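Worksheet for the structure shown next.
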Amino acid sequence: MGEGIVAYRPAIGKIYTDPHTKIKYRLEKVIGTSGFDFVYKASYFTPNYTDNGNLLPSGYVAIKYLRPGPDIVRSLSQEQTPVSNMVNVDTWFIRRFREGILVALPYMSEGSIRYMLSTRFHYGFPEDCIAIVLKEALKGLLDIHNSGQVHRCFTAANIFVNFKPSPMRNVEIKLAFAATGYESDLACPTEVVEYDHGPHPVSTSVPPLLIISEWASAPEVYDTLYDGEDHDGNEEDKCLTFQSDIWLVGIAALELAYGNIRVNSRAEFDAMINKIRKSKRLPNKLEYLLEEIMAEESQKYGKLKGAVESFLKDKLKLGKKKGERAFSKEFEKVVLECLHRNESKRPTVEKLLQMPFFQDAKDLKWENMELNVFLKK
């Protein structure tokens, strides 16, 4: 687990009392991970909420352990400006644990969009829902950029969904940032494996989705920061920009559209993005595109023969009809604009939100009932 690192993993049922407010927090279950540490759903009890002298739970929060680092500074700075559609820290200090602190975040009942994709929507969302989810997340990203900060890891894992049953049923979709982000997993794995970029729960994706913001980062970021050399903070700050955030919006859009991005390497990822740019269209399934890339590579080196070649050609025809589009031109334009290789030609968040795909999108009041029914599947 790493020499000298003690994970924050207290037992379910553990109770903590905030020394300032006297609010009690009881850990109910594990809902995710943050590095080595577990993140918990907790019920909270306020001193004045009683029944015949017995404390009654006032609601739920997510309890997260924060280790010292820049995420705390970024979140504190962000909360000094008005924000919308952001997951902010509710309580900054519940107790100290070794060198870090225990904080309370809003409890987002459905977890992250990535969790929903991995458990219920394996082949992605329909466009109506993609537009709503991305639009709500972009509102949060707009405030982050307006405050002069860069998100750095805008992914489906940092977009959270909550159902509020009262006073009326409605849906909240919010963007987590810095200290408020974690990997949502309601069936949390306990095994941890170490990758080059640090510890993460086991993932079946290669490379792992948990660090998609690194291996699928913008070309100017990947070529500089992930070249196997050591880099200082100044170099990282120069590479991670508003434009590199916009690239990640495009990657998140692909994840929402297909449910996952299943590639074996950065080279395969780059080939996939280049294919999309060249055709100016999104395939029905990413697998079709990857098989096409594999077939072209094999033919290039003379490795594809006979029956195997016929099999792949037939498979690439599946689900394809001439002129048929799997996605609207408006959505494809959003993805292509975000994934422009030249960072100076990527749109700002403001310009993205003005594009027809988002301007014509339904909103969260859709009448919240249809969205509720879909997301609750």
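All values derive from a computational prediction rather than experimental measurement. Heavy atoms only: backbone and side chains are in, while hydrogens, waters and symmetry mates are out.
In terms of the side chain to side chain donor-acceptor pair (under 3.5 Å) criterion, residue partners of Arg277 (sequence neighbours excluded) are, by chain and number, Asn274. Scanning for salt bridge (charged side-chain N to carboxylate O under 4.0 Å, His left out) contacts around Asp270 gives Arg266, with sequence neighbours left out. Evaluation of the salt bridge (charged side-chain N to carboxylate O under 4.0 Å, His left out) rule for Lys275 yields Glu292, Glu296 as partners, not counting sequence neighbours. Applying the side chain to side chain donor-acceptor pair (under 3.5 Å) rule to Asn342 yields the partners Ser344; only residues at least two apart in sequence or on another chain are considered. In this view, Lys41 satisfies the side chain to side chain donor-acceptor pair (under 3.5 Å) rule with no residue, not counting sequence neighbours.
Electrostatic pairing of Arg152 and Glu236 counts as a salt bridge here, judged by a charged N lying under 4.0 Å from a carboxylate O. A salt bridge is defined here as a Lys NZ or Arg NE, NH1 or NH2 lying under 4.0 Å from an Asp or Glu carboxylate O, and Arg262 with Glu287 meets this definition. Residues Lys139 and Glu172 are not paired through a salt bridge, judged by the lack of any N-O separation under 4.0 Å between the basic side chain and the carboxylate. Salt-bridge annotation for Glu343 and Lys345: absent, with no side-chain N of the basic residue lying under 4.0 Å from a carboxylate O of the acidic one.
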Would you be so kind as to tabulate the donor-acceptor pairs closer than 3.5 Å made by side chains of residues 89-105, with sequence neighbours excluded?
from, atom 1, to, atom 2, distance (Å)
Trp92, NE1, Glu79, OE1, 3.3
Glu99, OE2, Arg67, NH1, 3.4

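Between Phe38 and Tyr40, the angle of the ring planes goes over 60°, which puts this pair in the perpendicular group of the 30/60° scheme.
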Inset, instruction - Could you walk me through whether Val221 and Tyr226 pass side chain to side chain contact (heavy atoms under 4.5 Å, CB included), step by step? - result: CA-CA 8 Å; Val221 175; Tyr226 306 118; 4.2 Å; yes
Legend entry - Residues Tyr182, Tyr65; criterion ring pair (Phe, Tyr, Trp, His ring centres under 6.0 Å); working and verdict: CA-CA 10 Å; Tyr182 60 91; Tyr65 173 62; over 10 Å; no
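Distance alone, capped at 3.5 Å, places no donor-acceptor pair between the Tyr123 side chain and the Lys285 backbone.
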